[in-house]
Amino acid sequence: MPRYTDVFVAGGGPAGLAAAIALRDRGFQVAVADFARPRIDKTCGEGLMPDALEALARLGVDLDPLRCYPFRGIRFLGDGVSVEASFPAGRGLGVRRTHLHGALVERAMLAGVSLLWGAAVRGVSDKGVRLDDGVVSCRWIIGADGENSRVRKWTGLDASRHEVQRFGFQRHYRIEPWSDCMEIYWGGGCQIYVTPVAPHQVCVVAISRDSHLRLDRALPAFPDLSARLTGAAIISAERGAVSASRLLRKVFRRNVILLGDASGSVDAITGEGLRLSFEQAFALASALPSGDLNAYQAAHRRLARRPAFMANLMLSMDRSAWLRRRALRAMASEPRIFAKQLAMHVGAISIPDFARNAMLPLGRGILAW
């Protein structure tokens with residue numbers, strides 16, 4: 001355990017490791033601590049969009065192609081209709097969270113990050129971080145310790161402008177992927193998304209506002225998907241997690257900076273959580289050499305706009321069965337609307353462009369149905 005480091009990162013998940021790598025590339029000494037040990041798993045959809053893969057490449061992270069599965073776009077299914085679109089450039093990639101975490105750990109090790117696994121962070125102060133084995137002095141402390149961040153609570157940064165919680169439950173099935181898209185099945189108060197993550201494996205996640213809605217109870221409401229999975233071996237235990245849409249008032253105080261889900265989050269249905277964490281890591285690495293944390297705060301808010309817009313758009317379909325049915329039918333009858341939505345989702349077009357070229361036709365389509 002080092003007694004001093006420039007930057008101490010509390011949390012060794014993808015967000016914390018991305019920040020550590022980006023800061024090492026800027027010449028900072030960095031230590032990362034996490035009570036868990038690699039490879040750390042977490043419930044998520046396990047699909048990386050093209051812009052997330054670009055961010056990973058900038059971090060210098062390599063994923064084994066034999067342990068991943070590419071997909072060309074997104075497909076929505078529900079209320080008897082189906083609509084799909086390809087990414088405007090590149091492909092997405094399905095990858096088990098454990099493999100992604102392992103690749104980030106390897107890159108951090110090569111970058112020279114001090115990795116303290118099995119180390120619990122007990123407190124933070126202006127002088128450093130307190131662990132069971134003593135205090136590590138540091139100039140900067142990064143809280144990347146997830147949705148229930150203790151660093152955020154200790155620093156008094158819990159105040160939020162907006163918060164909505166949903167609940168996700170995940171399992172993996174041994175079955176050959178039947179689609180070259182990531183699929184989202186829409187139902188009443190619940191979505192199930194399916195991501196191919198290997199040549200003979202898919203990740204299935206049910207997400208809803210019901211904390212008790214497990215996959216065995218959710219799947220019968222989606223008979224086509226349930227029929228596909230009948231007879232397929234379940235190869236992982238069912239795992240659950242909270243999916244929060246949270247916007248914090250501030251993401252830093254004195255020498256403590258929040259990043260990743262600790263700094264606010266978007267609903268998991270957007271698939272934007274990891275990409276957002278990677279981009280925040282780059283923004284922090286740009287701001288920290290000058291110590292300008294206001295620049296990081298501004299960049300953090302700017303980065304959150306597109307995912308927040310997409311989350312609000314998709315959650316409005318979750319809240320209203322009437323809107324969901326009409327929106328799906330409108331997109332199915334005019335597929336370019338969904339293509340524009342996907343292009344905005346991955347940053348190929350701006351929100352104003354999407355509003356002009358897709359929202360108006362979508363609104364007309366909803367009223368027509």
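Numbers here simply count residues along the sequence, with the first being 1. Excluded from the calculations below are hydrogen atoms, water molecules and symmetry mates; all remaining heavy atoms, backbone and side chain alike, are included.
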S.K.: May I ask you to decide if F222's main-chain N or O and S226's side chain share a donor-acceptor pair within less than 3.5 Å?
M.R.: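 Absent.
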S.K.: Taking T155 for the side chain and R152 for the main chain, is one N or O donor matched with an acceptor at less than 3.5 Å?
M.R.: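 Side chain of T155 to backbone of R152: no pair is present.
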S.K.: Using 0.5 Å steps for rounding, measure from the CZ atom of F354 to the CG atom of L360.
M.R.: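 The distance works out to 10.0 Å.
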S.K.: For H300, what residues pass the ring-ring contact (aromatic ring centres under 6.0 Å, His included) criterion, not counting sequence neighbours?
M.R.: Y296
S.K.: Once side chain to side chain donor-acceptor pair (under 3.5 Å) is applied, what residue pairs with a partner in residues 192-206 remain, sequence neighbours excluded?
M.R.: R96-Q201
S.K.: Between R326 (side chain) and I366 (backbone), is there a donor-acceptor pair under 3.5 Å?
M.R.: yes
S.K.: Who are the ring-ring contact (aromatic ring centres under 6.0 Å, His included) partners of W178, not counting sequence neighbours?
M.R.: none
S.K.: Just checking, any donor-acceptor pair under 3.5 angstrom between side chains of R171 and S236?
M.R.: no
S.K.: So, E238 side chain and L215 main chain: donor-acceptor pair closer than 3.5 Å or not?
M.R.: yes
S.K.: Ignoring hydrogens and geometry, is there a side-chain-to-backbone donor-acceptor pair from Q165 to S243 under 3.5 Å?
M.R.: no
S.K.: For R67, which residues count as a side chain to side chain contact (heavy atoms under 4.5 Å, CB included) partner, sequence neighbours excluded?
M.R.: R39, D64, H99
S.K.: Under the ring-ring contact (aromatic ring centres under 6.0 Å, His included) test, which residues partner F169, sequence neighbours left out?
M.R.: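 For F169 there are no ring-ring contact (aromatic ring centres under 6.0 Å, His included) partners, ignoring immediate neighbours.
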S.K.: E183: what forms a salt bridge (Lys or Arg N to Asp or Glu O under 4.0 Å) with it, not counting sequence neighbours?
M.R.: R75
S.K.: Would you check if there is a donor-acceptor pair between the side chains of R97 and Q170 at a distance under 3.5 Å?
M.R.: no
S.K.: Taking salt bridge (Lys or Arg N to Asp or Glu O under 4.0 Å) as the test, write out the residues that go with D126, two or more places apart.
M.R.: R254
S.K.: Would you please name every residue forming a side chain to side chain donor-acceptor pair (under 3.5 Å) with R214, sequence neighbours left out?
M.R.: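 Testing R214 for side chain to side chain donor-acceptor pair (under 3.5 Å), a comparison that skips the adjacent residues, returns none.
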S.K.: Using modelled atom types only, decide if a donor and an acceptor are shared between the side chain of S265 and the backbone of A244 within a distance under 3.5 Å.
M.R.: yes
S.K.: Kindly write out the residues that satisfy salt bridge (Lys or Arg N to Asp or Glu O under 4.0 Å) with D6, not counting sequence neighbours, or none if the list is empty.
M.R.: none
S.K.: Hey, could you give me the CG/CZ distance between L315 and R209, rounded to the nearest 0.5 Å?
M.R.: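 Taking CG in L315 and CZ in R209, the distance rounds to 6.0 Å.
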S.K.: Considering only residues two or more places apart or on different chains, which pairs with a residue in residues 43-60 satisfy side chain to side chain donor-acceptor pair (under 3.5 Å)?
M.R.: E46-H172
S.K.: Apply salt bridge (Lys or Arg N to Asp or Glu O under 4.0 Å) to D353 and list each qualifying residue two or more places apart in sequence or on a separate chain.
M.R.: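 Salt bridge (Lys or Arg N to Asp or Glu O under 4.0 Å) list for D353, sorted by chain: R356.
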S.K.: Donor-acceptor pairs are to be reported for all side-chain atoms of residues 12-32 against protein atoms at under 3.5 Å, with residues two or more places apart or in another chain.
M.R.:
unit_1: R24; atom_1: NE; unit_2: A111; atom_2: O; d: 2.9
unit_1: R24; atom_1: NH1; unit_2: F28; atom_2: O; d: 2.7
unit_1: R24; atom_1: NH2; unit_2: A111; atom_2: O; d: 3.3
unit_1: D25; atom_1: OD1; unit_2: R107; atom_2: NH2; d: 3.4
unit_1: D25; atom_1: OD2; unit_2: R107; atom_2: NH2; d: 3.4
unit_1: R26; atom_1: NH2; unit_2: S286; atom_2: OG; d: 3.3

S.K.: Has the side chain of S277 got a donor or acceptor atom that lies under 3.5 Å from a matching backbone atom of G273?
M.R.: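 Yes, because the side chain of S277 sits within donor-acceptor range (under 3.5 Å) of the backbone of G273.
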